[in-house]
Amino acid sequence: MTNYRNAFLFALVGNLALLAVLGGLWWREKQHSKTEAAMQPASTESPQSSPNGGQGAAIAPHEAALVPVQLSPERLQSIRVRIGRVESKTVEDQIHVTGNVAIDETRLSTVQVRYSGFIQKVFADATYQYLRKGQPLFTIYSPDLVATEREYLVAKQNQQRVAQSTIPGVTEGAASLLAAASERLKQWGVPQREIARLESTGEIQRELQVDSPVSGYITERNALPNLTVQPETRLYSVADLSTVWVLAEVFQNDLGRVKVGDRASLTVDSYPGRTFEGRVNFIYPQVDMTTRTARARLVFSNPGLKLTPGMFVSVTLKVAMGKQLVIPANGVLQSGTRQIVFVSREGGYIEPRVVQLDSRAGDDFIVLNGVKTGEEIVTSANFLIDSESQLQAALGTFAPPPPGAGAAGAMNAPQAKAELTTEPDPPRKGSNIFRVKLTDATGAPISGAEVSVTFSMPAMPAMGMAAMRIQAPLTEKGNGLYEGPGKLDSGGTWQVMILAKKNGQVVASKQLSVNATGGM
């Protein structure tokens, strides 16, 4: 009994010790969690939490401040500034798609007979042979047709014999039989000339000639010599190709802009320099799940039968957009999340203005707000004016300079030396590393500065490209070296501006051109 009591006490003490250990571990973990939670806000607000120096910089890309500038006439001429006007006008957009020529189904006919028989001779014996209306197609022997012609002749003879009868109803009955036989021939599609021949000659013709009911090209031919035919047998399909359909593949995101009745034009490699005009006739209510396109049916006249079924063509849909406020496309500078235009006023005064754009219409952009009708905007040298505006904003002491000053005064002021290198060298379309070596007039490295590089490319309307601008802030790496990543959206020649500030003052600014690889 004593042994059982001792064992129970030992087990109880062991369990209590185990509970104490587990409780201590739980308390320690809870305190550690509280400590981490208390430290989390401080860590989030730390400048080191973002490579750009703060949480806000990580949320939205850095946008440089811009201020108005004033340039002398000489300066405007030297950088080749051109001016465009904000206009309110009727515009239309163009959607470029591809398509295939097809037969106009409303101009497709079939040739059949309404009685059974046997084809004897075939005259139209080749697919895509052209037929004229009334042209002989084939001859056919039909026992039913021969029997009906014989009934017609008998009814006609009976009518002639009883024409002088005085018995009531005899003359009317004979005339009724003749009319019934004549109506049966007409219902079977026997030409009127054959009925006239039958009346004039009084002889039955075993083979009846069948003529084409329409003009066009044979697209299907089943009429063969000695073929047994029934009323449901389709002997020919004939298409009138003077008008054709074009089935164009329109991408899903363009469907909302295309309407029935819109004008369209097409070109084809077979006839360079020639354009065919047509209209949208129907939009099919189905999108292909593989290509994400829907078919739009266009109707084109086909003079000279230049467009043949199955031909691959390039189509331009002309979408009417009504009267809109528009600005020249090459006057827009794409700057990160903003679209900027430079409004030109008297005396060389140029004001940067953020605008909200809609879709593009040819060489223009539809503008929703930011400018008004009649204002003038800069359409060339935008990147140079943008750089000047950034520099004036960085100096923070904007005042319209006297005539002849402009950017020259700022650029000729004593500055530190800034040298740009890239990795890879030369830079490429896509991701790159930009490095700037910043030294003072004696060659000593400058530390503690805020350095950024801005890549700008003017608009190229002929290639459908708006102006581009990419800004990359650089991080100090020590010994006057500043480094940071950047992504170029295109190859080609970029205008680069290096801007360095220290203690709120510009210590260096430099403009240069860089050629990037990778194509447009």
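Treat the numbers as computed from the prediction; the structure is a model and nothing was measured.
Proximity of a side-chain donor or acceptor of N302 to a complementary backbone N or O of L307 within less than 3.5 Å is detected. A side-chain donor-acceptor contact under 3.5 Å links Q70 to the backbone of G347. Under a 3.5 Å cut-off, the side chain of T219 and the backbone N or O of S237 do form a donor-acceptor pair. Between the side chain of D288 and the backbone N or O of T290, at least one donor-acceptor pair lies under 3.5 Å. K437 contributes a side-chain N or O that, together with a main-chain N or O of N479, makes up a donor-acceptor pair within less than 3.5 Å. Remark: the backbone N or O of G261 is paired with a side-chain donor or acceptor of R279 at under 3.5 angstrom. No side-chain donor-acceptor contact under 3.5 Å links Y482 to the backbone of A500.
More than 12 heavy atoms of other shown residues, nucleotides or ligands fall within 6.0 angstrom of atom CD in E92. Summarising the local packing, CZ of R82 is surrounded by 12 or fewer heavy atoms from other residues, nucleotides or ligands at distances under 6.0 Å. A 6.0 Å sphere centred on NZ of K259 holds more than 12 heavy atoms belonging to other residues, nucleotides or ligands. The number of heavy atoms from other shown groups lying within 6.0 Å of CZ (F251) does not exceed 12. The environment of CZ in R263 is sparse: at most 12 heavy-atom neighbours from other residues, nucleotides or ligands sit within 6.0 Å. Counting heavy-atom neighbours within 6.0 Å of N253 CG, excluding the residue itself, gives a total above 12. By the neighbour-count criterion of 12 heavy atoms within 6.0 Å, atom CG of D269 is sparsely surrounded, having that number or fewer from other residues, nucleotides or ligands. Heavy-atom contacts from other residues, nucleotides or ligands closer than 6.0 Å to CZ of R295 number 12 or fewer.
At a threshold of 4.5 Å between non-hydrogen side-chain atoms, the residues F300 and P303 do not count as touching. K89 has its side chain within reach of D364: a pair of non-hydrogen atoms, C-beta onward, lies under 4.5 Å apart. Looking only at side-chain heavy atoms (C-beta outward), L241 and I103 come within less than 4.5 Å of each other. Put simply, the side chain of R297 reaches to within 4.5 Å of the side chain of Y284, judged on heavy atoms.
The nearest pair of heavy atoms linking L298 to A248 is CD1-CB, 4.2 Å. Pairing each heavy atom of G486 with each of A472, the nearest pair is CA-CB, 4.4 Å. Between M311 and V268, the closest heavy-atom pair is SD-CG2, 3.5 Å. Closest of all the heavy-atom pairs between V514 and P427 is CG1-CG, 3.4 Å. Nearest heavy-atom pair, R292 versus M289, reported as atom, atom and distance to 0.1 Å: NH1-CA, 3.3 Å. Closest of all the heavy-atom pairs between G484 and L474 is N-CD2, 3.5 Å.
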Working for side chain to side chain contact (heavy atoms under 4.5 Å, CB included), residues V378 and I83: CA-CA 5 Å; V378 176; I83 302 298; 4.2 Å; yes
Verdict with supporting geometry, N432 and T422, side chain to side chain contact (heavy atoms under 4.5 Å, CB included): CA-CA 7 Å; N432 298 270; T422 64; 5.5 Å; no
Test log, rule side chain to side chain contact (heavy atoms under 4.5 Å, CB included), inputs K372 and V86: CA-CA 7 Å; K372 59 184 179 181; V86 182; over 6 Å; no
Trace of the side chain to side chain contact (heavy atoms under 4.5 Å, CB included) decision for E476 with S447: CA-CA 7 Å; E476 185 176 0; S447 60; 3.0 Å; yes
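Checked by atom type, the side-chain pair T493/N515 shows a donor-acceptor distance below 3.5 Å. Under the 3.5 Å distance criterion, with hydrogens and angles disregarded, no donor-acceptor pair is assigned to the side chains of S265 and E277.
Contact check on R353 versus E351 returns a salt bridge, with a Lys/Arg side-chain nitrogen under 4.0 Å from an Asp/Glu carboxylate oxygen. Using a 4.0 Å cut-off between charged side-chain N and carboxylate O, R85 and E375 make no salt bridge.
The distance from the NZ atom of K318 to the CG atom of D262 is 11.5 Å, given to the nearest 0.5 Å.
Each of V451, T454, V506 was evaluated against L499; a single residue qualifies, V506, per the side chain to side chain contact (heavy atoms under 4.5 Å, CB included) test.
Classification of the Y128-Y217 ring pair by plane angle, with boundaries at 30° and 60°, yields tilted.
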